[in-house]
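Every heavy atom of this structure was used, including side-chain atoms; hydrogens, water molecules and symmetry mates were not. Bear in mind that the values here come from a model prediction, so they are computed numbers and not experimental data.
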Amino acid sequence: MALPAPPPARVFAELVPGQAPIPTPTPAGHGSPPAPSGREVHVSGSAELSAGPDRARVSLRLGSRKGAAGAARSSVARRLEYIAQSVRQRGVPVCIVFSDFGKMQNVCNLLVEKLGTSITIGPPHFYHTPEAVDTLRRQVCVAAVGNTHRKAQEVCRLFGQSLGKPLLIREEETKEWGGHIDSHLLNSLDSLTLQERIQRATAYASCRVFAVFEIRGKENKRNKLL
C-alpha cells in the first residue's frame, strides 16, 4: 500500500537572486557608488491583537412613587437631586455612556445607595467606538510589518548577510472578529460578572503581510556585536 503524499511545505522565507545591475557611467573625478547587489529576501509575517471595549452604556429608570423622594434623597447632591426629580416626573429611561469603567461602577453604586429601590439600573452594554476599531486595525497592520521585518533580519543574519531597504510591503489579509454580542445571547449575560462582560465584548484582529527586502551583502561584524 503506497504511503500518502506528504503535505506541501510552507515557505518561511526565500532568498531570491535578482538580475545583475546594469553598470552606469561615472562622472570623471567621482568615485563609483556601490552598486546594488540585486539580491532580495521575500518574507511573510502576521500579527494578532485584541482590544477591550472603550465605552459602556448603562440604562436607568426611576420609579414614579410619590412621597418617597424626600427622605430617600436627602443626602444626594443638588444636581443629582434635580436630575432624579426630573426623570421621576417623566418616568422615562436615561442612558449614561462611560469611558471609565471604574467610575461607572462607582456611579451605579452611589445611585443605588442613595435612591434605593426607586431606581432600576440595567446591566452595562460594552462596545467600541469607530475610533477604537480604526486604531486596532492600524496597530495590527504595523505589528505584522514589524514581525515581517524582524523575520527578514533573522534570515539574513543566518547567512551572514545584511538586510537592506524594503522594496515591497503588501497587506495580504486582514480578519476581524468579536467585539459584539449576538442578540440571542443577551438573556444569558445576566449572570456574568463585569470582567466576563468585557471579555465577551473584546474585539480581535489579525493581519498578514508580504514584504520584499534588499540584501546589501555581508553583515558588518561591528553591527553584529552591538
Short question: side chain of Glu154, backbone of Lys151 - any donor-acceptor pair under 3.5 Å?
no
For residues Phe210 and Leu168, determine if any side-chain heavy atom of one lies less than 4.5 Å from a side-chain heavy atom of the other.
yes
Minimal heavy-atom distance between Val58 and Cys108, with the atoms involved, is CG1-SG, 4.1 Å
Qualifying side chain to side chain donor-acceptor pair (under 3.5 Å) pairs with a residue from residues 50-60, counting only residues at least two apart or across chains:
Asp54-Thr129
Write down the atom of Thr202, the atom of Ala51, and the distance for their closest heavy-atom approach.
CG2-O, 3.5 Å
SG (Cys207) and CG (Asn147) are apart, to the nearest 0.5 Å, by 10.0 Å
Go through the steps to decide whether Arg39 and Arg216 satisfy the test side-chain contact (heavy atoms from CB on, under 4.5 Å), and finish with yes or no.
CA-CA 8 Å; Arg39 296 181 299 166; Arg216 287 190 293 193; over 6 Å; no
Step by step, would you call His125 with Tyr127 a side-chain contact (heavy atoms from CB on, under 4.5 Å)?
CA-CA 7 Å; His125 171 68; Tyr127 64 97; 4.0 Å; yes
So, using side-chain contact (heavy atoms from CB on, under 4.5 Å) as the criterion, who are the partners of Lys165 when residues are at least two apart?
Leu167, Glu214
Can you name the nearest heavy-atom pair linking Thr193 to Glu196, along with the distance?
N-OE1, 2.9 Å
Mind running side-chain contact (heavy atoms from CB on, under 4.5 Å) on Cys156 and Phe213 for me, showing each step along the way?
CA-CA 10 Å; Cys156 287; Phe213 294 90; over 6 Å; no
Compare every heavy atom of Ala144 with every heavy atom of Val209, then report the nearest pair and how far apart it is.
CG2-O, 3.7 Å
Inter-residue atom distance Arg157.CZ - Ser162.OG, 0.5 Å rounding:
9.0 Å
Would you mind reporting whether Leu194 and Gln105 have side-chain heavy atoms less than 4.5 Å apart?
yes
Side chain to side chain, Pro130 and Val133, heavy atoms closer than 4.5 Å
no
Side-chain heavy atoms nearer than 4.5 Å, only ILVMFWY residues, links allowed to pass through others: does that put Ile198 and Met104 together?
yes
Hey, could you give me the CZ/CG distance between Arg138 and Asp134, rounded to the nearest 0.5 Å?
6.0 Å
Under 4.5 Å between side-chain heavy atoms, hopping through other hydrophobics if needed: is there a path connecting Phe159 to Leu163?
yes
Flag the pair Glu176 / Val140 as yes when at least one side-chain heavy-atom distance between them is below 4.5 Å, and no otherwise.
no
Shortest non-hydrogen contact from Thr148 toward Ala211
CG2-CB, 3.7 Å
Which residue is it: Thr120, Val107, Ile96? I am looking for the one with a side chain to side chain contact (heavy atoms under 4.5 Å, CB included) to Leu60.
Ile96
Please round to the nearest 0.5 Å and tell me the distance separating atom CZ of Arg197 and atom CZ of Phe101.
12.5 Å
Just how far is it from atom CG of Leu158 to atom CD of Gln153, taken to the nearest 0.5 Å?
13.5 Å
How long is the straight-line distance from CZ of Arg170 back to OG of Ser44, given to the nearest 0.5 Å?
10.5 Å
Taking only residues two or more places apart in sequence or in another chain, which ones pass side-chain hydrogen bond (donor to acceptor under 3.5 Å, both in side chains) with Thr174?
Glu171
Applying side-chain contact (heavy atoms from CB on, under 4.5 Å), run through Ile121 and Val112 and close with a yes or a no.
CA-CA 8 Å; Ile121 300 179; Val112 171; 3.7 Å; yes
